[in-house]
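On a predicted model such as this, the values are computed, not experimentally measured, just so you know. Throughout, numbering of the chain's residues begins at 1 and tracks the sequence.
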Amino acid sequence: MKILHVSAECYPVAKVGGLADVVGALPKYQNNLGVESSVVMPFYNNAFTQNHTFETVWSASVKLDVYHNFRILKLEKSELGFDLFLVDLPNLLHTQYVYSHDDTERFIGFQIAVLQWITEKFGVPDIIHCHDHHTGLIPFMMSHSESFSAMKETPSVFTIHNAQYQGWFSHDKLYLLPEFNFDVVGLLDWDGSVNPLAAAIKCAWKVTTVSPNYMEELKKEANGLQSLLSHEQNKCSGVLNGIDTYVWNPETDPFIVKNYGVSNRSSGKKANKKWLCETYGFDRNAPLFVFIGRLVGEKGADLFPDIFRQALESAKISILLLGSGNEVIESNLKPLTNDFEGSYNQMIGYNEELSHRMYAGADFLLMPSRVEPCGLNQLYALRYGTIPIVSSVGGLKDTVVDIDDGGFGIRHENATVEAVCEAIGRATLFYRDEENFQRIGKSIMKIDHSWTVSAQTYINLYESIK
């Protein structure tokens with residue numbers, strides 16, 4: 001069986017969020033299970049593409065407002081575990097950024113170029129697996145564009161990684177699409193706009209989300225698409241994301257200060273925590289709480305200035321934050337570094353090495369999300385023996401069981417200052433129960449959240465529609 005994944009992101013080529021981690025791991029594990037799985041994504045002029053060599057496997061042009069020349073590049077000597085193809089569309093995609101204000105034209109061009117390449121050169125695969133709204137027009141064009149009639153009977157799977165972003169654009173840009181029967185234009189429309197996410201839900205053969213609970217949540221609240229998802233529920237399912245246990249492995253991780261496994265968790269965690277405390281000025285004896293991610297409302301980050309101030313005033317703890325996003329949130333957090341010197345510090349930006357060291361050295365990971373389709377950070381934390389503190393939403397609810405219910409994490413029902421501070425208080429008390437704290441810390445490292453099970457679930461899904 002031949003599978004082609006289409007995505008705007010893929011780790012380690014280009015990463016903005018969890019989408020990249022999924023697309024960088026799922027094909028690898030599918031190949032390990034005997035399925036031929038590859039990835040096609042945009043070419044970005046970034047560090048990865050500048051430091052690797054590529055072979056041009058095809059050249060053509062795509063028509064939008066005017067004709068744009070493009071090439072399909074294949075990564076030479078790939079060590080990713082799958083074949084990687086890039087669409088080099090210089091006038092649109094050859095940029096340093098992944099997303100920007102001109103994404104409608106950029107990603108329409110990308111999707112058309114992918115379909116041209118498939119039909120004219122690559123060969124039609126058994127399954128096209130599209131990821132998020134940047135690829136949401138592909139199932140429609142496969143079924144209804146004359147240019148791609150060879151793919152009309154090719155099954156498509158569409159995965160929603162985050163339904164908050166839908167790629168809306170106005171009907172006056174429909175001329176950018178290849179010619180199609182205008183009688184079916186309603187498949188592209190939702191609430192008066194062209195909506196690529198909605199179009200994919202309508203046209204894909206199967207629709208998945210990245211956790212079972214998130215799929216159920218979307219039927220109640222999906223930024224306007226809840227009735228559509230309820231209507232299409234017979235082809236919808238939730239498949240819990242896994243993590244790449246080759247990349248996220250404390251026994252071999254090249255980024256961390258000291259490697260460790262279950263048997264030497266205590267000494268390994270202490271060495272990594274020591275580095276964090278010495279680097280950021282913390283007391284090694286105080287429990288260390290960390291946040292790693294985007295500073296946006298979805299993640300509950302707007303609550304952090306009040307949460308951190310209240311928590312730091314209430315107990316002897318340390319908090320380290322790594323992330324960026326909303327400038328107002330960043331500005332509101334800045335005074336805490338002076339007000340709580342020695343207990344609070346932050347690194348605004350993205351740093352892959354530091355994130356690994358934080359998972360390895362922290363005692364607790366904070367994830368007070370309002371929306372969390374699956375969440376990967378809590379799975380990374382578990383892998384590194386760090387206890388997650390999470391909201392009871394989406395995939396967090398699927399993957400973290402509260403210690404009071406015989407589990408291994410701390411959950412709070414609401415994303416509020418009071419609820420999160422109470423959870424931090426519970427965690428601080430738990431930290432003092434050293435015997436149980438160490439026991440739980442070891443046990444969570446044994447939980448299997450690798451992609452193997454999820455990859456097989458997707459293969460079974462493909463088989464059902466092939």
Side-chain angles (χ1 to χ4, degrees), residues 17-23 25-26 29 131-132 157-164 206-223 225-226 229-230 233 235-245 248 291-294 298-300 359 364-415 419-420 423 426-427 440 443-461:
L19 168 62
D21 292 315
V22 173
V23 179
L26 176 56
Y29 282 80
H131 297 266
D132 264 354
V157 174
F158 182 77
T159 296
I160 303 170
H161 295 261
N162 192 332
Q164 296 301 304
K206 292 288 184 180
V207 176
T208 70
T209 58
V210 291
S211 71
N213 190 58
Y214 186 54
M215 178 60 81
E216 294 307 307
E217 289 179 354
L218 288 182
K219 294 173 186 175
K220 301 172 185 176
E221 173 52 50
N223 202 6
L225 297 183
Q226 50 271 16
L229 283 159
S230 294
Q233 62 182 331
K235 66 177 180 182
C236 296
S237 61
V239 180
L240 188 67
N241 278 346
I243 62 173
D244 189 335
T245 53
W248 296 97
F291 172 82
I292 303 166
R294 292 181 295 126
E298 283 178 34
K299 303 295 184 183
Y359 288 118
F364 300 96
L365 174 79
L366 294 167
M367 291 186 72
S369 305
R370 294 185 176 95
V371 178
E372 197 63 68
C374 174
L376 294 173
N377 290 15
Q378 83 279 13
L379 304 184
Y380 300 148
L382 294 171
R383 177 80 163 146
Y384 284 69
T386 297
I387 294 171
I389 303 173
V390 305
S391 300
S392 295
V393 298
L396 300 179
K397 192 172 183 179
D398 285 319
T399 55
V400 178
V401 180
D402 194 274
I403 53 174
D404 287 347
D405 297 324
F408 46 81
I410 295 176
R411 278 194 359 210
H412 50 88
E413 289 302 314
N414 303 305
V420 179
R426 290 176 60 204
I440 294 293
S443 69
I444 59 180
M445 293 181 69
K446 301 175 185 177
I447 301 173
D448 183 5
H449 280 297
S450 74
W451 264 108
T452 302
V453 173
S454 299
Q456 184 61 57
T457 302
Y458 271 113
I459 291 171
N460 295 342
L461 181 70

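Residue N241 comes nearest to L379 through the heavy atom pair O-CD1, 3.9 Å, listed as atom of the first residue, atom of the second, then distance. Taking each heavy atom of I389 and A427 in turn, the nearest pair found is CD1-CB, 3.7 Å. Closest approach of I410 and I403 over heavy atoms only: CG1-CD1, 4.1 Å. Heavy-atom minimum distance, P368 versus S391: C-OG, 3.1 Å. The shortest non-hydrogen separation linking P388 to Q378 is CB-CB, 4.1 Å. Taking every heavy atom of both residues into account, D132 and F158 meet most closely at O-CE1, 3.2 Å.
In this structure, I160 and V207 have side chains that are in contact, with non-hydrogen atoms separated by less than 4.5 Å. In this structure, F291 and N377 have side chains that are not in contact, with every pair of non-hydrogen atoms separated by 4.5 Å or more. At a threshold of 4.5 Å between non-hydrogen side-chain atoms, the residues Y29 and V453 do not count as touching. Looking only at side-chain heavy atoms (C-beta outward), N162 and E298 come within less than 4.5 Å of each other.
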Could you walk me through whether Q226 and K220 pass side-chain contact (heavy atoms from CB on, under 4.5 Å), step by step? CA-CA 6 Å; Q226 50 271 16; K220 301 172 185 176; 5.8 Å; no
Assess the residue pair I243 and D21 against the criterion (side-chain contact (heavy atoms from CB on, under 4.5 Å)); give the C-alpha distance rounded to whole Å, side-chain angles, the decisive distance to 0.1 Å, and a yes or no. CA-CA 8 Å; I243 62 173; D21 292 315; over 6 Å; no
Is there a side-chain contact (heavy atoms from CB on, under 4.5 Å) between E372 and K299? Walk through the geometry before answering. CA-CA 8 Å; E372 197 63 68; K299 303 295 184 183; 3.0 Å; yes
What verdict does the salt bridge (Lys or Arg N to Asp or Glu O under 4.0 Å) test give for E216 and K219, after you've listed the backbone C-alpha separation in whole Å, the side-chain angles of each residue and the deciding distance to 0.1 Å? CA-CA 5 Å; E216 294 307 307; K219 294 173 186 175; 3.3 Å; yes
Mind running side-chain contact (heavy atoms from CB on, under 4.5 Å) on R411 and L396 for me, showing each step along the way? CA-CA 9 Å; R411 278 194 359 210; L396 300 179; over 6 Å; no
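With sequence neighbours excluded, no residue forms a side chain to side chain donor-acceptor pair (under 3.5 Å) with Q164. A search for side chain to side chain donor-acceptor pair (under 3.5 Å) contacts involving D402 returns R426, not counting sequence neighbours. Among residues two or more places apart in sequence or in another chain, the side chain to side chain donor-acceptor pair (under 3.5 Å) test is passed with S454 by none. Residues meeting the side chain to side chain donor-acceptor pair (under 3.5 Å) test with H131, sequence neighbours left out: H5, H161.
Looking only at distances, no side-chain donor or acceptor of T208 sits under 3.5 Å from a matching main-chain atom of S237. Although no hydrogens or angles enter the test, the distance criterion places no donor-acceptor pair under 3.5 Å between the side chain of N213 and the main chain of D398.
Between the CG atom in L218 and the CG atom in N223 there is a gap of 10.0 Å [rounded to 0.5 Å]. From L376, atom CG reaches atom CZ of R383 across 14.0 Å, with rounding to the nearest 0.5 Å. Here the OG-CD distance, from S211 to E217, works out to 7.0 Å after rounding to the nearest 0.5 Å. Rounded to the nearest 0.5 angstrom, H449 NE2 and D244 CG are separated by 15.0 Å.
Sorted by first then second residue, the ring pair (Phe, Tyr, Trp, His ring centres under 6.0 Å) pairs that include residues 390-413, not counting sequence neighbours, number zero. Applying the ring pair (Phe, Tyr, Trp, His ring centres under 6.0 Å) test to pairs two or more places apart or on separate chains, those with a residue in residues 366-390 are W248-Y380, Y359-Y380.
Of the options T457, V210, T159, T209, a side-chain contact (heavy atoms from CB on, under 4.5 Å) to V239 is made by T457 and by none of the others.
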